[in-house]
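Inspection log for the structure reproduced underneath, given as structure tokens.
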Number of protein chains: 2
Amino acid sequence: MSETIGKAASSADAGNAGTISDREIHLGPLENYIGFYLRLAQNASFKAFKRHTGEGDLRPGWFAILSLIGGNPGITPIALSRASGRDKSTITPVLRDLMRIHLIARESVPGDRRSYALSLTPAGKEKLARLSEHAARHDAELDALVGGRKAELLALLRRIAAEID
Amino acid sequence: MSETIGKAASSADAGNAGTISDREIHLGPLENYIGFYLRLAQNASFKAFKRHTGEGDLRPGWFAILSLIGGNPGITPIALSRASGRDKSTITPVLRDLMRIHLIARESVPGDRRSYALSLTPAGKEKLARLSEHAARHDAELDALVGGRKAELLALLRRIAAEID
DNA sequence: TATTGTTATACTCTATAACTATA
DNA sequence: TATAGTTATAGAGTATAACAATA
């Protein structure tokens, strides 16, 4: 019924008369809200991911995009935006950055002059490989936490991602 | 091995020769990354929450804060920041906003002149009650999706939130 | 008319660092 | 010295709306 988040639980209780100390916080309804813990978990995971990769030169949003282009040479920006679950307007600047440092290349597509096909450059492939190592290590950490219930967790998260909204 | 996110799966295939269409996107390693789906699920949940409440006058970050103050009258900003898993510097502006529209009140605490105790005003309690209805409806939607596995999902998310980082 | 991609703009969440006033 | 709170600043993620080019 009473809980504290993260490391704060172990901090000392100041023992003030009328003040609520860390140790006795009531989360109330929040405690059973999936949305609340989804935010906490995602935030923690994001921070850990940045720590694992950010020391180098990765920007957090890049990995999924590079990975999708690497796995789908010729993919268009619009398909990319759908696959990554973001609006197309958020893809443009990422692609611009990746182009600027020559990790990806664009090529016009014969059938449709509005669009273009994306692919990784050799440097992009190298970078993706390096990032993948970091990402794999990161996800291994998550895997260790969820133990044998990873498949179920993924299934639930996928369902939430797909069916809500 | 092949998957598409969200509603894009049902969009028409343009049938262009060299282009990757929505229907055939390979997520690759991403498909088994907890972090990837954590982001998608959290984002979907967040959008749905905004849709449920945002029509009114709620700002997304407010609910958790109001809820924590409501459940812990006299709580201090620093305890609030720990309970909500955010840095103290992110709490200040939220409290300022909530003060400005008179949903919360502050009172000095006898033992420590650096800090102060927070509580909901009558208007704050009313607002929290109204928001709680929206939030409950939102979480009920999530509950329906996860069915009988809510307890396990919460346990896993809590563990990720607490032990990563 | 609808779609692809870009741009402009804005909002939210979050953090770090430097500061003050206390403790 | 260490902690509570504030401020300034910055960065990531995301979205909407309006636009040009093309379908």
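The chains referred to below are lettered A, B, ... by the order of the sequence lines, with proteins before strands, and numbering in each begins at 1.
Regarding I65(A), its CD1 atom lies at a distance of 14 Å from the C1' atom of dA12(D), rounded to whole Å. Put simply, CE on M99(B) is 13 Å from C1' on dG5(D), counting in whole angstrom units. What separates CH2 of W62(A) from P of dG13(D) is a distance of 11 Å, to the nearest Å. Spacing between atom NZ of K47(B) and atom P of dT14(D) amounts to 9 Å, rounded to whole angstrom units. Atom CG of D97(B) is separated from atom P of dT7(D) by 12 Å (rounded to the nearest Å). The CD1 atom of I91(B) sits 11 Å away from the C1' atom of dG5(D) (whole-angstrom rounding). If you measure from atom NZ of K88(A) to atom P of dC19(D), you get 14 Å, rounded to the nearest angstrom. Distance NZ (K50(B)) to P (dG13(D)): 16 Å, rounded to an integer number of Å.
Comparing T92(A) and R39(A) along DNA chain C, the residue whose closest nucleotide (by nearest heavy atom) sits nearer the 5' end is T92(A). When each of P77(B) and F46(A) is assigned the nucleotide of DNA chain D bearing its nearest heavy atom, the one mapping closer to the 5' terminus is P77(B). With the nearest nucleotide of DNA chain D identified for both R114(A) and T90(A), T90(A) has the one nearer the 5' end.
Rounded to 10 degrees, the angle between the two end axes of the helix from dT1(C)-dA23(D) to dA23(C)-dT1(D) is 0°, with five pairs used at each end.
Between F49(B) and H138(B), the ring-plane angle classifies as perpendicular under the 30° and 60° cut-offs.
Contact annotation: R106(B) side-chain N/O to dT6(D) OP1/OP2 distance is under 4.0 Å. Phosphate contact (OP1/OP2 of dA21(D), side-chain N/O of Y116(A), threshold under 4.0 Å): absent.
Proximity of a side-chain donor or acceptor of S67(B) to a complementary backbone N or O of A64(B) within less than 3.5 Å is not detected. With hydrogens and angles disregarded, a donor-acceptor distance shorter than 3.5 Å links the side chain of S132(A) to the backbone of L128(A). A distance-only check finds a donor-acceptor pair linking the side chain of N72(B) to the backbone of L68(B) [under 3.5 Å].
Residue K150(A) places its NZ atom among more than 12 non-hydrogen atoms of other residues, nucleotides or ligands, all under 6.0 Å distant.
Taking every nucleotide of DNA chain C with any atom under 4.0 Å from a non-hydrogen atom of chain B, the first and last of them, 5' to 3', are dT12(C) to dA23(C).
Proximity of I34(B) to V146(A): side-chain heavy atoms (C-beta onward) are separated by under 4.5 Å at one or more points. Within the 4.5 Å cutoff, the side chain of L156(B) has heavy atoms near those of the E152(B) side chain.
Listed by first and then second residue, the salt bridge (charged side-chain N to carboxylate O under 4.0 Å, His left out) pairs that reach into residues 69-79 of chain A come to none, sequence neighbours excluded.
Of all heavy-atom pairs between F36(B) and A83(A), the closest is CZ-O, 4.1 Å.
Counting atom types as modelled, S89(A) pairs a side-chain N or O with a base atom of dT16(D) as donor and acceptor under 3.5 Å.
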